[in-house]
Amino acid sequence: MDPIIDLDFIDNRTPEQATAAASCDTKVTAETNTGKSRKLYIESYGCQMNFSDSEIVSSIMFEQGFDTTAHIEQADVVFLNTCSIREKAETTVRNRLGQINYFKKKKPEMVIGILGCMAERLKKSLLEEEKIVDLVVGPDAYRDLPNLISEVDGGQKAVNVLLSREETYADINPIRLNSNGVSAFISIMRGCDNMCSFCVVPFTRGRERSRDAHSIVREAEALVAQGYKEVTLLGQNVDSYKWASEDGTESVNFAQLLEMVAKLSPNMRVRFSTSHPKDITDEVLYTMKKYDNICKYIHLPAQSGNSRVLELMNRTYDRAWYLNRVDAIRAILGEDCGISSDMIAGFCSETEEEHQDTLSLMDYVQYDYSYMFFYSERPGTLAARKLEDDVPLEVKKRRLAEIIEKQRECSLNRNKRDVGRMHRVLVEGFSKKSDQQLSGRNDQNKVVIFDKKHYKKGDYVNVFVNDCSVGTLFGEAVD
Ligand code: SAM
Ligand code: SF4
């Protein structure tokens with residue numbers, strides 16, 4: 001899963017400056033300009049799943065007469081698609097609403113809606129707490145947006161936060177937002193049944209359900225036809241993907257789905273996220289090995305390296321089980337397979353020795369990358385109800401700094417292994433620093449920068465890597 005985006009809006013910026021900054025840090029809708037009568041602006045926060053949901057929302061709203069815009073001041077309707085995973089994610093949205101108030105004052109008819117996890121968690125109370133909000137819509141209620149918008153047009157406030165056991169939006173063709181035209185995301189399932197004790201997702205996104213395998217394949221096929229070169233299959237726990245046809249004659253597990261998508265085109269790379277250590281099977285690993293176009297990269301969040309803490313987290317595996325899965329990855333897919341993790345520092349009652357276990361796990365696995373956080377208690381979760389959030393903030397922060405430092409060491413070690421070797425890179429666009437250089441990713445999802453020569457976005461290029469930093473590989477294209 002992609003990192004949760006940290007947005008630190010600095011209060012002394014003007015709302016216009018903050019909006020410009022938001023467009024860099026969050027995902028903001030692009031201009032569609034197809035001549036529709038009203039304009040929709042969506043700012044999406046949080047994980048990739050939310051960005052993918054905003055594409056579904058844009059599609060539903062397009063049918064209702066809305067083009068998307070990248071300029072908040074031109075919008076008739078403004079949606080914030082929100083994240084609740086840590087307290088800071090929610091504070092960011094609340095600060096942002098303060099800034100959006102400035103635009104609403106200039107254009108009072110502007111409709112403001114909160115979508116996603118914050119809407120689900122706070123429900124109607126958001127309308128009371130945030131006076132400028134007109135609309136609160138949970139992640140399973142997007143089909144109801146047209147009705148809700150009419151209610152608001154009629155002068156009322158509107159809320160729908162019903163969770164569903166069936167909704168997968170399988171039949172909705174997402175409008176690709178901010179797409180580079182090369183890689184796209186496909187949601188293959190929604191919700192989560194895991195109940196990790198720290199996590200709000202099961203409460204905000206509901207029960208786990210898998211999307212019709214054929215609708216996923218059709219979406220991937222359409223992307224191939226449009227010239228896309230990479231799809232990422234998304235779910236909170238892709239390994240528990242399981243779809244069965246209504247008549248019970250057909251059933252598809254994750255390894256089988258992966259194979260169905262990989263077979264569509266050898267030129268289409270397939271990625272997936274997130275894998276759960278308790279569920280990832282050797283069958284998935286062998287399917288990855290069988291197809292060159294399934295990228296050899298696995299996001300396998302450990303959260304902690306200590307078995308007692310993992311039990312308190314209700315992760316349902318221990319350190320030995322996790323290491324066994326890492327060994328299986330190395331045995332089946334080899335040392336080159338990229339592995340990344342999510343880590344939480346300072347979970348309830350974590351001792352110094354237990355924190356050291358996280359560092360030693362990182363030493364063993366040698367992650368290519370990690371998304372690292374300190375524990376943030378979320379209301380209503382198992383941990384909030386049953387465990388004391390007793391590690392002081394400064395200790396959490398110091399442990400997090402140590403985890404980050406350890407990860408920098410591991411990333412550099414892993415990147416140095418890549419120097420002096422050839423990598424197949426899919427070009428995503430220009431490098432951030434120069435339009436004379438291109439930026440793309442290798443199989444292991446690492447960013448590779450090289451001189452552009454005659455290459456362009458969407459090309460597969462063989463790049464000889466001759467240098468690296470902690471976060472990037474540098475090389476030369478070889479014709
Ligand atoms: N489903 C994925 C999994 O099980 O690994 C992760 C989904 S969650 C959106 C992304 C990450 O946020 C988690 O892996 C965890 O590291 C982090 N996270 C979730 N709840 C948290 C909390 N209360 N405090 C700090 N980090 C948290
Ligand atoms: Fe949250 Fe755990 Fe589900 Fe991931 S698997 S979304 S961490 S409950």
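Along the sequence shown, the residues carry numbers beginning at 1. Each ligand, and each atom within it, is numbered from 1 in the order the structure gives.
Less than 2.8 Å away from atom 2 (Fe) of ligand 2, the protein contributes these N/O/S atoms: Cys196 SG.
Only the side chain of Gln303 comes within 4.0 Å of ligand 1, judged by heavy-atom distances. Under 4.0 angstrom from ligand 1, there are no non-hydrogen atoms of Met372. Counting heavy atoms closer than 4.0 Å to ligand 1, residue Cys47 contributes nothing at all.
A salt bridge does not link Lys27 with Glu43: every distance from a Lys NZ or Arg NE/NH1/NH2 to an Asp or Glu carboxylate oxygen is 4.0 Å or more. Between Asp443 and Arg424, none of the side-chain N atoms (NZ, or NE/NH1/NH2) sits under 4.0 Å from a carboxylate O, so this pair counts as no salt bridge. Salt bridge Arg211/Glu219: present, at least one basic N to carboxylate O contact under 4.0 Å.
Residue Tyr371 places no heavy atom under 4.0 Å from ligand 1.
By the salt bridge (Lys or Arg N to Asp or Glu O under 4.0 Å) test, Asp193 is found to be paired with Arg207, residues two or more places apart in sequence or in another chain being considered.
Side-chain N or O atoms of Glu208 include none that pairs as donor or acceptor with a backbone N or O of Ser210 at under 3.5 Å. Checked by atom type and distance alone, the side chain of Asn314 pairs as donor or acceptor with a backbone atom of Met195 at under 3.5 Å.
The minimum heavy-atom distance between Ser58 and Thr68, with the atom names listed, is OG-CG2, 3.9 Å. Closest heavy-atom contact between Val391 and Phe347: CG2-O, 3.5 Å.
Near Pro301, meaning under 4.0 Å from any of its heavy atoms, are these atoms of ligand 1: 5 (O). The ligand atoms of ligand 1 that sit less than 4.0 angstrom from a heavy atom of Ile85 are 8 (S), 9 (C), 12 (O), 18 (N), 19 (C), 20 (N), 21 (C), 22 (C), 23 (N). Taking every heavy atom of Arg378 and a limit of under 4.0 angstrom, the matching atoms of ligand 1 come to 23 (N).
Residue Arg408 places its CZ atom among 12 or fewer non-hydrogen atoms of other residues, nucleotides or ligands, all under 6.0 Å distant.
Annotation: His276 is in aromatic contact with Tyr317 [ring centroid separation under 6.0 Å]. Between His299 and Tyr371, the distance separating the two ring centers is shorter than 6.0 angstrom.
Here's the thing with Asp342: one of its N/O atoms is less than 3.5 angstrom from an N/O atom of ligand 1. In terms of polar-atom proximity, defined here as any N/O pair under 3.5 Å, Phe198 does make such a contact with ligand 1. Not a single N or O atom of His276, backbone or side chain, sits closer than 3.5 Å to an N or O atom of ligand 1.
Across the listed options Lys278, Met343, Met313, Arg315, Arg315 owns the non-hydrogen atom lying nearest to atom 3 (C) of ligand 1. Of the candidates Ser376, Ala383, Ala384, the one placing a heavy atom closest to atom 24 (N) of ligand 1 is Ser376.
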